[in-house]
Amino acid sequence: MPTDHEPAHTPVTTPLTPDLVRGALELEPTARGVLPHRLPAWARAQNTDGQLAMAEAQPSGVRLAFRTRSTAVALETLPTKRVYVGAPPRPDGLYDLVVDGRLVDRASAPGGNTLTLDMAAGTAETVPGPPGTVRFAELAAGVKDIEIWLPHNEAAELLALRTDAPVEPLPESGRRVWLHHGSSISHGSDAASPSTTWPALAAAQGGVELVNLGLGGAALLDPFTARTLRDTPADLISVKIGINLVNADLMRLRAFTPAVHGFLDTIREGHPATPLLVVTPILCPIHERTPGPCAPDFSEIAEGRIKFKAVGDPAEVAAGKLTLSVIRDELTRIVRQRAAGDPHLHLLDGRELYGEADHAELPLPDELHPDAATHRRMGERFAALAFAPDGPFATRP
């Protein structure tokens, strides 16, 4: 273990091995480094959805974690940056530097591949680009615990970690592991940075280690996702269900109910007594009583982003089409039914995280995703509700 009294070391390059990475379920070896994944290879092999493939490779909640006395850190990466046809340019993804539990710096990686997406045509094209280096300098002297949170909204192939002193993996913290699954809101869409998505903020306040399986556009009750949750070690589990099923107009109520039961049954196969919290959708006015699908509205661009609109017919709800109101009611019924025989199953109404009063103060900028201030509010509220002494994630004797 390094100490404050060790002499200065020559620059070192440390292999990016799994013991230096937290929050990823797999590191895929590449020709030049490793690519973090949030679904294992067997699950990716069962997927045919390009949106899910893109989302799981974006390392939301994934961070390098090590101890060192180095005063400078350089991480060479190959990012994949998104461009949407017809939309304003997106800012580069951010890397958050957390030292001894405190966010001290942020930086982006230059260069990278470019993924151009045409939502109207449904096409995607990747153009290769050069790697870049994220640099953090003038760090305090002495031994310190460092986390580098990888971008939550762009893929990052990790090529090299360079410091001016040796590093070692952070020892196990003894903190409980919180495994969370949800949509782009849980993934971190429109959060300020990777360590300030609402799950990351809630995990910090709750004193737990986060494994974030928020999958933008892809929280669709896929069986391989349920099996991934089943097989991932965790002390606490939450699943936020609803908005993507409406967005995609994926199923009707007849299919939704048994799909939810099957999803929860599968999780329980691997975690029979783990606290399991089902979170219903937050308020989203365009889909409260209007079913999907959801579509981009290229005629209305606000603050540099495309807005979204619901294009379903409310008259079809009677025939089984899903809205957020329908989903909340059915999830409440399902959880109450199951909780009679499962004392560790709990329910949280997503409107307690973001509801009518919040929408009046902090409206969804694109009609679908919360902004950075709302992520912070949701993280604080989730922590206060879930980790409270009488909450579902309370520390038990």
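For the numbers below, each heavy atom of this structure counts, side chains included, while hydrogens, waters and symmetry mates do not.
Under a 4.0 Å N-O distance rule, the pair E26/R44 qualifies as a salt bridge. Using a 4.0 Å cut-off between a side-chain N of Lys or Arg and a carboxylate O of Asp or Glu, R230 and E269 qualify as a salt bridge. The residues E154 and K81 are annotated as not salt-bridged, no charged nitrogen and carboxylate oxygen being separated by less than 4.0 angstrom. For D265 and R338, the salt-bridge test passes: some basic side-chain N is under 4.0 Å from an acidic carboxylate O. A salt bridge is defined here as a Lys NZ or Arg NE, NH1 or NH2 lying under 4.0 Å from an Asp or Glu carboxylate O, and R176 with E209 fails to meet this definition. D100 and R102 are not joined by a salt bridge, as no carboxylate oxygen comes within less than 4.0 angstrom of a charged side-chain nitrogen. With salt bridges taken as basic N to acidic carboxylate O contacts below 4.0 Å, none links E356 and R351.
A donor-acceptor pair under 3.5 Å is absent between the side-chain atoms of D96 and the main chain of W149, judged by distance alone. Looking only at distances, no side-chain donor or acceptor of E138 sits under 3.5 Å from a matching main-chain atom of A72. Listed for the R67 side chain is no donor-acceptor partner under 3.5 Å among the backbone atoms of V167. Side-chain N or O atoms of S184 include none that pairs as donor or acceptor with a backbone N or O of G217 at under 3.5 Å. Side-chain N or O atoms of T332 include one that pairs as donor or acceptor with a backbone N or O of R328 at under 3.5 Å. For K144 (side chain) and S70 (main-chain N/O), a donor-acceptor pair under 3.5 Å exists by modelled atom type. Judged purely by atom type and a 3.5 angstrom limit, N113 uses its side chain to pair as donor or acceptor with the backbone of G129. Side chain of T323 to main chain of V326: a donor-acceptor pair is present (N/O by atom type, distance under 3.5 Å, no hydrogens or angles). Checking side-chain atoms of S325 against main-chain N and O of E288 turns up a donor-acceptor pair under 3.5 Å. In this structure, the side chain of R38 engages the main chain of G214 through a donor-acceptor pair within 3.5 Å.
Tracing side-chain contacts under 4.5 Å through hydrophobic residues (I, L, V, M, F, W, Y), one never reaches L283 starting from L347; they form parts of separate clusters.
Side-chain contact between L94 and P151 is absent, with no heavy atoms from C-beta onward closer than 4.5 Å. Under the 4.5 Å side-chain criterion, counting only non-hydrogen atoms from C-beta, R377 is in contact with E361. Between R175 and D235, the closest side-chain pair of non-hydrogen atoms is not below 4.5 Å. By the 4.5 Å heavy-atom criterion applied to side chains, T163 and F136 are not counted as neighbours. Annotation: side chain of L253 is in contact with side chain of E330 (closest heavy-atom distance under 4.5 Å). Between L20 and T14, the closest side-chain pair of non-hydrogen atoms falls below 4.5 Å. Side-chain contact check for V21 versus V62: some heavy-atom pair is nearer than 4.5 Å.
Under the 3.5 Å distance criterion, with hydrogens and angles disregarded, no donor-acceptor pair is assigned to the side chains of H181 and T225. Between the side chains of T274 and H344, no donor-acceptor pair of N or O atoms lies under 3.5 Å. Looking only at atom types and distance, the side chain of E157 has no donor-acceptor partner in the side chain of T77 under 3.5 Å away. Between the side chains of Q58 and H152, no donor-acceptor pair of N or O atoms lies under 3.5 Å. Between the side chains of T123 and D118, no donor-acceptor pair is found at a separation under 3.5 Å. Side-chain contact annotation: N212 with T197, donor-acceptor N/O pair under 3.5 Å absent. S238 and H180 share a side-chain donor-acceptor pair at under 3.5 Å. For the residue pair S183 / N244, no side-chain donor-acceptor distance below 3.5 Å is found, with atom types taken as modelled. Side-chain atoms of T374 and D371 include a donor-acceptor pair closer than 3.5 Å. Using a 3.5 Å distance cut-off with no hydrogens or angles, the side chains of S193 and R106 do pair a donor with an acceptor.
Pairing each heavy atom of I327 with each of I241, the nearest pair is CG2-O, 4.0 Å. The shortest heavy-atom contact between A259 and L221 is CB-CD1, 3.8 Å. Nearest heavy atom pair, residue T228 against residue A43, reads OG1-CB, 3.9 Å. The two residues P79 and G111 have their closest heavy-atom pair at CG-O, 3.9 Å.
Distance check, rounded to the nearest 0.5 Å: CZ of R252 to OG1 of T257 gives 13.5 Å. For the atom pair CG of L364 and CD1 of I282, the computed distance is 6.0 Å after rounding to the nearest 0.5 Å. Rounding to the nearest 0.5 angstrom, the gap separating the CG atom in N47 from the CZ atom in F224 is 4.5 Å. Once rounded to the nearest 0.5 Å, the distance linking CG of L368 with SG of C294 reads 5.0 Å. With values rounded to the nearest 0.5 angstrom, L158 atom CG is found 8.5 Å from T30 atom OG1. Rounding to the nearest 0.5 Å gives a distance of 11.5 Å between CE of M378 and CG of L362.
The environment of CZ in R376 is sparse: at most 12 heavy-atom neighbours from other residues, nucleotides or ligands sit within 6.0 Å. The number of heavy atoms from other shown groups lying within 6.0 Å of CZ (R336) does not exceed 12. Within a 6.0 Å radius of CZ in R333, more than 12 heavy atoms belonging to other residues, nucleotides or ligands are found. The number of heavy-atom neighbours closer than 6.0 Å to CZ of R135, taken from other residues, nucleotides and ligands shown, is 12 or below.
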Please report the C-alpha distance between Y95 and L64 in whole Å, then the side-chain angles of each, then the deciding distance to 0.1 Å, and finally whether the side chain to side chain contact (heavy atoms under 4.5 Å, CB included) criterion is met. CA-CA 10 Å; Y95 296 70; L64 303 185; over 6 Å; no

Set out, in order, the CA-CA distance, both residues' side-chain angles and the distance that settles side chain to side chain contact (heavy atoms under 4.5 Å, CB included) for I146 and L139, then state yes or no. CA-CA 10 Å; I146 289 180; L139 306 184; 4.0 Å; yes

Residues F66, V73; criterion side chain to side chain contact (heavy atoms under 4.5 Å, CB included); working and verdict: CA-CA 11 Å; F66 53 91; V73 176; 4.3 Å; yes

Given D358 and L353, is the side chain to side chain contact (heavy atoms under 4.5 Å, CB included) satisfied, shown in steps? CA-CA 9 Å; D358 305 298; L353 304 179; over 6 Å; no

Begin with the C-alpha distance, continue with both residues' side-chain angles, and end with the deciding distance and a verdict on salt bridge (charged side-chain N to carboxylate O under 4.0 Å, His left out) for R162 and E76. CA-CA 8 Å; R162 300 188 180 95; E76 185 181 0; 3.2 Å; yes

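Residues W198 and H187 keep their aromatic ring centres 6.0 Å or farther apart.
In this structure, H359 and Y354 have perpendicular ring planes: the angle between them is above 60°, well past the 30° mark. In this pair, F387 and W178 present their aromatic rings perpendicular. The plane angle is above 60°, beyond the 30 to 60° band.
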